[in-house]
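Comments concern the structure below.
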Amino acid sequence: MLSALSPDSILTLSLYAALGGAYLVVVPLALFFYLQKRWHVASSFERAFMYFLVFFFFPGLLVLAPFLNFRPQKRQIEA
């Protein structure tokens, strides 16, 4: 099956796979860590830009959301 594909077809499929992987995994993962670091100190313009990025990369964020947990850790209360 793969031997029947032309080199142009293989190049096109690999380009689609690379762009799809970047859109669904790489950029949303970087966005998760950026949001975690900057969420409470961002200016209003930066926050609007964050909202745009979340909207734009929403499918990738949905793919990664079950695997990432950024909730605060429990506090240790000493008696």
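The chain is numbered in sequence order, starting from 1.
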Minimum-distance pair of heavy atoms, taken over all atoms of Leu31 and Leu61:
CD2-CD1, 4.0 Å
Can you tell me if Ser9 and Ser6 form a side-chain donor-acceptor pair at under 3.5 Å?
yes
Minimum side-chain heavy-atom gap Leu53-Leu35 below 4.5 Å:
no
Just say parallel, tilted or perpendicular for the rings of Tyr23 and Phe56, cut-offs at 30° and 60°.
perpendicular
Arg38 side, atom CZ; Met50 side, atom CE - distance, nearest 0.5 Å:
6.0 Å
Under 4.5 Å between side-chain heavy atoms, hopping through other hydrophobics if needed: is there a path connecting Phe55 to Tyr51?
no
Side chains of Leu29 and Leu68: does their closest heavy-atom pair fall under 4.5 Å?
yes
Through direct or indirect side-chain contacts below 4.5 angstrom among Ile, Leu, Val, Met, Phe, Trp and Tyr, which residues connect to Phe58?
Leu62
Near Tyr34 OH, under 6.0 Å, is it more than 12 heavy atoms from other residues, nucleotides or ligands?
yes
Do you reckon Val54 sits in the same ILVMFWY cluster as Phe57, going by side-chain contacts under 4.5 Å, direct or chained?
yes
Are Val27 and Phe33 linked, directly or through other ILVMFWY residues, by side chains that come within less than 4.5 angstrom of each other?
yes
Is the shortest side-chain heavy-atom distance between Val63 and Pro28 below 4.5 Å?
no
Rounded to the nearest 0.5 Å, what separation is found between the CD1 atom of Ile10 and the CG atom of Leu15?
13.5 Å
List for me each residue that meets salt bridge (charged side-chain N to carboxylate O under 4.0 Å, His left out) alongside Arg47, sequence neighbours excluded, and say none if there are none.
none
